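Written out below as structure tokens is the structure these notes cover.
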Amino acid sequence: MAGEAISSSNPPPAKKKRSLPGTPDPEAEVIALSPKTLLATNRFLCEICGKGFQRDQNLQLHRRGHNLPWKLRQRTSKEPRKRVYVCPEKSCVHHHPSRALGDLTGIKKHFCRKHGEKKWKCDKCSKRYAVQSDCKAHSKTCGTREYRCDCGAVFSRRDSFITHRAFCDALAEETARVAASNMSRLTSICNGNFSFTSDLMRSNIANNFSGAISNTTMTEAEMVGHARRELSLWMGEGDHTENLSKRNDLLNPHQSKPLSTDDLFGNPFASRYPNQLSSIYSDELTSNALPTSRMKETENPQSLLLSVPSRSSTQHQHQHQQMAMTPDVSATALLQKAALIGLNASCATPLSCFETKSQECNFRFLSNSSLLDVNHSSLATLSGNTMDNSTLPNPLTRVYPTRHLMIQKDDEPGGETRDFLGVDAPTICASSWNGWV
Amino acid sequence: MQNTDPYHRHPSISCLLEPKDPREEEKWAAELIQECAKAIAEKDSSKIHHLLWMLNELASPYGDCDQKLASYFLEALLCRATEAGELCYTTLTSAAEKRHSFVTARRVMLKFQEVSPWTTFGHVASNGAIMEAMEGESKLHIVDISNTYCTQWPTLLEALASRGSDTPHLRLTVVAMVSMGGSVMDEIGRRMVKFARLMGVPFEFHVVSIVSTLGQLTEEELGLRKDEAVAVNCVGALRRVSVEERDAFMRMLCALRPRVVTVVEEEADFTTSRGDLVACFEQCVRFYSIFLGMLEESFSPTSNERFMLEKECSRSILGVLACNGSGVCERREKASQWCERLTEAFATTAFNDDVIGDLEALLERYREGWSLVPAKGDAAGLYLTWKAEPVVWASAWKPIKP
């Protein structure tokens, strides 16, 4: 295994930690094998009978069978230096000695996977692999995995699961839940300019997407400071309310009546958006959508940057600092806390009627079709306040409009004065808008 | 039409009513339709009348394949005979638009994709070609001119998200005909945006609405930006460009300097024969009987989604056979014909082994009867075949350097 960048005078630790692949010990000997040698299966030859073996251990076992005298039993060559191997493929990142791999089997597999022909095929799904062990490993799980959508539908095929998920009404609920747990993002909405969420959501996928998406890593550092981030919401500025109304005006120039159940259940797809608005819509998205170009600095900006997967591009580098839902500080707990803060500023009674409704939510501000599916208990507890965010400095009121924005809901006509306690709430739950119609 | 006695048998068609061996019995609809088309071409009104009457008696949109074929073509024949095609088409279209909603479109499309690779074949091939062409790019712009309501893109978004290196920024511009329901597209856009967010892909969605014909699409309307890599995705799109405008349309696409143009079309020729009624009918009958047969075998017998798809068929059939080509008329061409047009400005680019593997894996997941066949001869690309008949063609193209 590639050693860490420690000097060779240190005693080897009991168990070596794996470092990042391709960061070899600078003292190691660099070996560049040709593709032919690399792919040769029987590199280890018995000097007595010439038989070839794939692994050194196998050769040694075989040599014992020759009943060699004691002296010759020793291995002829010591291992003077650690060896690292480079990939023979010139265009490859691991071709350069500074990115060599420390394990011979590793470099063989790498070469096959990246630059080799995919000779091995899965019986069940015809997926191709260059390395036989990869193929075998895949075959074990192929077809056994089930993908479950929040709406209850189950799929055996990943692609149909993904396509379903993208259009599923449960996705709106997903966004809502994500919104609730990532409230700090919202502070930036008032500050405009950013494009899109990335790693944040990606880590959410690990939680919420039952078909595991590769590359989701929730590092410790990402989780750290999440709580801090949550609280920063309450410190957020107030001019997003202005943005909210501006946004609404832009997107709903002709919407004057409150969002009625008819809107919800009737014809949600009546053309509300003249086509030129769709470009505004997309512009709005880019400028007002989720996360933030102005991430609040945490105490460990360094560690965050180091631990984040290198995947992020420069344009949303700041988004590295976004996070996953931390298991330690649950979103629900935070929201309930927020609700309590809000309670002090306004009446408490409306809350109680919603506390019991566990899965119902008056997300009227969510988009019509996706709205109806929102099941979020923690949000229900926040329903206590009217959305009169034009006047109330109450932190609670900020939750709604920004979450509103987060969902990209734009159908909310007079959103600012919407009354959450509206009678509409029960009717929402009554219908079975979950997932498929 | 002097004789209204239903049992009167016109001499030339009486042979059709003779008992035949069981195999041939099954193809009665195609024969009747063909005969009727001939009668219309010959302007033999009594024969037309009788055949139409017979078809009407036997046809049913709820029956077996032949009955359905008879039913959908009957409408086209009737319109052709009475020259009421345009009117009928308009009526059907507005009825369809009233029914049209995001929810139904989604349900039908996703169910179709679950039971048949008809559309997913083209999606997998196109996405594969796009991923390969966009390797290393950080700003992607896909111009999507398709008839599959963006069901192609979730898997591409996932592929982009798990690409390993930096996730690129994706801009998706969908070109939608107003007739396809602008509001549906808006809703789809919202979903796409949400999903892209979930995937962690920076994303922008934009709809370009075409009021007139697809051939009128201009580069300016697409709003290309300088620093982005463009891909054009045409799934069931080229056939919606009116025949005369096709070459110019392709030149326009080439002028966008895309990294790749993916073309997916259904394998049928309704273009060459467009002046010849009988030949056109023949081509249509042939294609649609395969399509309806495929639908019947793929869906469950009582499927509502299948019924919706069949209704769409009937409208399409009417458009091809009874309309004069103005407006939305889906005159399909075969792969070799498309290739001839495309090679003016583009060079074919092969699908890589991974894509082939993915396609084969895709077909494994469906019922028996489907297979992948590389195109040969005058055509490049890949065919999806149903019971050995090529039905869908997928290809990828790069602009030839000037």
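Since the model is a prediction, treat every value here as computed from it, not as a measurement. By convention in this document, chain letters (A, B, ...) are assigned in the order of the sequence lines, proteins followed by strands, and residues within each chain are numbered from 1.
- Pairing each heavy atom of B:M192 with each of A:A166, the nearest pair is CE-CB, 4.1 Å.
- Taken from CG in B:L157 to CD1 in A:I162, the straight-line distance is 9.5 Å, to the nearest 0.5 Å.
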Original post:
Under the side-chain contact (heavy atoms from CB on, under 4.5 Å) criterion, do B:H123 and A:D159 qualify, and how do the steps go?
Top reply: CA-CA 11 Å; B:H123 289 175; A:D159 52 350; over 6 Å; no
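- Residue B:Q113 touches chain A through both its backbone and its side chain, counting heavy-atom pairs closer than 4.5 Å.
- Both the backbone and the side chain of A:T163 come within less than 4.5 Å of a heavy atom in chain B.
- Ionic pairing of A:R158 and B:E158 is present here: one or more N-O contacts between side-chain nitrogen and carboxylate oxygen are shorter than 4.0 angstrom.
- Cation-pi contact between A:R157 and B:Y366: present, with separation from the ring centre below 6.0 Å and deviation from the ring axis of at most 45°.
- The distance from atom CZ of A:F167 to atom OH of B:Y149, rounded to the nearest 0.5 Å, is 11.5 Å.
- B:L110 approaches A:H164 most closely through the heavy-atom pair CD1-CA, 4.1 Å.
- Rounded to the nearest 0.5 Å, atoms NZ (B:K111) and OG (A:S160) are 11.0 Å apart.
- Listed by chain and residue number, A:R113 satisfy the salt bridge (Lys or Arg N to Asp or Glu O under 4.0 Å) test with A:D134 (two or more places apart in sequence, or in another chain).
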